[in-house]
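Just so we're on the same page: letters track the sequence lines, and every chain starts at 1. Note: hydrogens, waters and symmetry copies are ignored here, and every other heavy atom, side chains too, is used.
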Amino acid sequence: MALREMGLMEINWSKGCRAKLPLSRVRFTHHLDHPMVLWQVTNTSRALVDQFTRKSKSLYTFLILCCRVGNFRVEPPALFRGRGEHPKMGKLKKRIWPSDITINIGKGAPIPECPIPGQRWKEIRHDNTVTWLAFWNDPINPKEFKYVFLAASSSLKGQSDKEKYEKARLLKDYIQGIRAAYTKDFASKDVTKRQIAVATYLIDKLALRAGNEKDDDEADTVGCCTLKVENVEPLPPNILKFDFLGKDSIRYQNEVEVEPPVFKAIQQFRTGKSGGDDLFDELDTSKLNAHLKELMPGLTAKVFRTYNASITLDEMLSRETKGGDVAEKVVVYQHANKEGILNGLKTDLARSKKGKPPLKGADGKPRKNLNPDALERKIVQTTAKVEKMERDKETKEDLKTVALGTSKINYLDPRITVAWCKRHEVPIEKIFNKSLLAKFTWAMDIDPSFRF
DNA sequence: ACGCAGACTTGGAATAATATTA
DNA sequence: TAATATTATTCCAAGTCTGCGT
């Protein structure tokens, strides 16, 4: 790939050039094993780089990674909100000072001046095995870290995004075997094996998250491995009724028909336990992922979400695109996208649009008292709004009520979309907005025949 | 095996920008 | 032209997963 496409530019770092660079915008680093200058790109700076590139005659000494930084501001002091019933809600999030911040720059690079007189950085590191530019401890939970990373549009992020989708594509070659294996293990004599099999099935079929252990000072939410007995109710003959708070304290409620052996296994995992006990008492995410890794190199629980969302989009697009003009094809895409979400990630992406996480305060304090008139008006207004939404939902087949963006960003291989656009002569700008286009630069030159 | 530090992705809510309607 | 609706962007919380020391 050409340097330029990777967001890289080689420049001559001779004396003449040095004076012209807006040094206030320049950060030195050494990612990608090159001595390199990190540069927040603006039109002016891009023009300058072009100028240097043209003029330079002697040997290059530096690479400029011409890309944006993601979050370059520390979070200001505030009251911590948290989501759901968070034990630390309302805690003061204190100010971050330079003396809290560790920065990561190239060896021998000039240390950026500390913006507050009389203070200094906590630490200067020279670690080119990581991608962060700076970090500090989270003032709410000092055991955790906040980082400054590159923006999603950077080549570094693009590369790992691509790797993520390549891994999901690899799962295609293994999925049949994996499904056959776990189906067989539903009835295994070994409890651990049986639990692994059922958990993998739920992750695959329902797109549940892995479910790491959580501390007591975090909101009480669960994922697959941390499901409790009370979260999964077996309704004979073979329905499982799920009800739990997942990521971001979003409620997951779903009744699904499952294979009889799965139903039987769940019943058996529940026996002799009380509601608050772990359903999968033999399991945690590291055991589960260790097992998945034996089935496919690099396989972990989250890969299933990516795989299932992307494969669904790919299949739907190829099945449903017949003819029609660009506008009609865009509708086909939106529809496929929506179905993809509903089939694969219905669990929370779509659901989250409707219900709110329970935020009930301890005292259920009512909001500011409105006078009855205002209240009345508000109710009428809201009711009208709801009615309008109902109508829209029907007439537009619910297309607009599902946010298509979210899954596009994280779960759907952009090459599926780009290739489909090329095959059907739909301008990619009809599908991706500006930041998605920037984020998915790496996918734009894909062959039209690409299939996930 | 296990716990924990560390680094990275995911995702909803708030806010800002832009388009549409009255 | 102002009010309102829609879409894009920012913010930062909350997950996943790895690797390391014991």
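- Note on ring orientation: taking the six-membered ring where Trp is involved, the planes of A:Phe145 and A:Phe135 are perpendicular (angle over 60°, cut-offs 30° and 60°).
- Straight-line distance from the CG atom of A:Asp138 to the C1' atom of B:dC8: 15 Å, rounded to whole Å.
- A sub-4.0 Å separation between OP1 or OP2 of B:dA7 and a side-chain N or O of A:Thr131 is absent.
- For A:Ile124, the side-chain contact (heavy atoms from CB on, under 4.5 Å) partners two or more places apart in sequence, or in a different chain, are A:Ile103, A:Ile105, A:Ile111, A:Trp121, A:His126.
- Ring planes of A:Phe186 and A:Tyr201: perpendicular class, angle over 60° (limits at 30 and 60°).
- By the 30° and 60° cut-offs, the orientation of the rings of A:Phe244 relative to A:Phe242 is perpendicular.
- Ionic pairing of A:Asp220 and A:Lys228 is present here: one or more N-O contacts between side-chain nitrogen and carboxylate oxygen are shorter than 4.0 angstrom.
- Across the protein-nucleic acid pair, A:Asn71 atom CG and B:dT9 atom C1' stand 13 Å apart, rounded to whole Å.
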Report task. Sugar-phosphate means primed atoms, P, OP1 and OP2; the rest is base. With that split, encode nucleotides 14-22 of chain C 5' to 3' as B, S or - using protein heavy atoms under 4.0 Å. Result -> BSBBS----
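- Taking 4.0 angstrom as the limit, A:Lys157 places a side-chain polar atom (N or O) nearer than this to OP1 or OP2 of B:dT9.
- Ion pairing of A:Arg169 with A:Asp413 is absent here, as no side-chain N (NZ or NE/NH1/NH2) approaches a carboxylate O to less than 4.0 Å.
- The side chain of A:Ile250 sits closest to B:dG12 out of B:dG12, B:dG11, B:dA7.
- Residue A:Tyr147 contributes atom OH, which lies 15 Å from atom C1' of C:dA13 at whole-angstrom precision.
- Contacts of A:Lys287 with the nucleic acid, taken as non-hydrogen atoms under 4.0 Å apart, are absent.
- For the pair A:Tyr411 and B:dG11, the criterion of a side-chain N or O lying under 4.0 Å from OP1 or OP2 is met.
- Rounded to the nearest 0.5 Å, atoms CG (A:Asp215) and CG (A:Asn141) are 7.5 Å apart.
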Report, one pair per line, the protein and nucleotides 15-17 of chain B atoms (nitrogen or oxygen only) whose separation is under 3.5 Å.
none

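- A salt bridge is defined here as a Lys NZ or Arg NE, NH1 or NH2 lying under 4.0 Å from an Asp or Glu carboxylate O, and A:Lys273 with A:Asp281 meets this definition.
- Using a cutoff of 4.0 Å between basic side-chain nitrogens and carboxylate oxygens, A:Asp185 and A:Lys193 are not scored as salt-bridged.
- When the nearest nucleotides of DNA chain B are assigned to A:Lys143 and A:Asp284 by heavy-atom distance, the more 5′-ward of the two goes with A:Asp284.
- Put simply, CG on A:Leu412 is 11 Å from P on B:dG11, counting in whole angstrom units.
- Between A:Arg125 and A:Asp127, no side-chain nitrogen of the basic residue sits less than 4.0 Å from a carboxylate oxygen of the acidic one, so the salt-bridge criterion is not met.
- Sequence order on DNA chain B of the closest nucleotides to A:Phe145 and A:Lys439 puts A:Phe145 first from the 5' end.
- The interatomic distance linking A:Arg125 (CZ) with B:dA7 (C1') rounds to 12 Å, in whole Å.
- Remark: P of C:dT10 and CG of A:Asn433 are 11 Å apart, rounded to the nearest angstrom.
- Look at CG on A:Leu283: it is 15 Å from P on B:dA1, rounded to the nearest Å.
- Between the C1' atom of B:dG11 and the CG atom of A:Leu208 lies a distance of 17 Å, rounded to the nearest Å.
- Residue A:Glu75 places its side chain closer to C:dA13 than to any other of C:dT9, C:dA13, B:dG6.
- For the OP1/OP2 pair of C:dA13 and a distance below 4.0 Å, the side-chain nitrogens and oxygens of A:Lys93 include at least one atom meeting the criterion.
- Residue-to-nucleotide proximity on DNA chain C shows that, of A:Val74 and A:Lys434, the 5′-proximal contact is made by A:Lys434.
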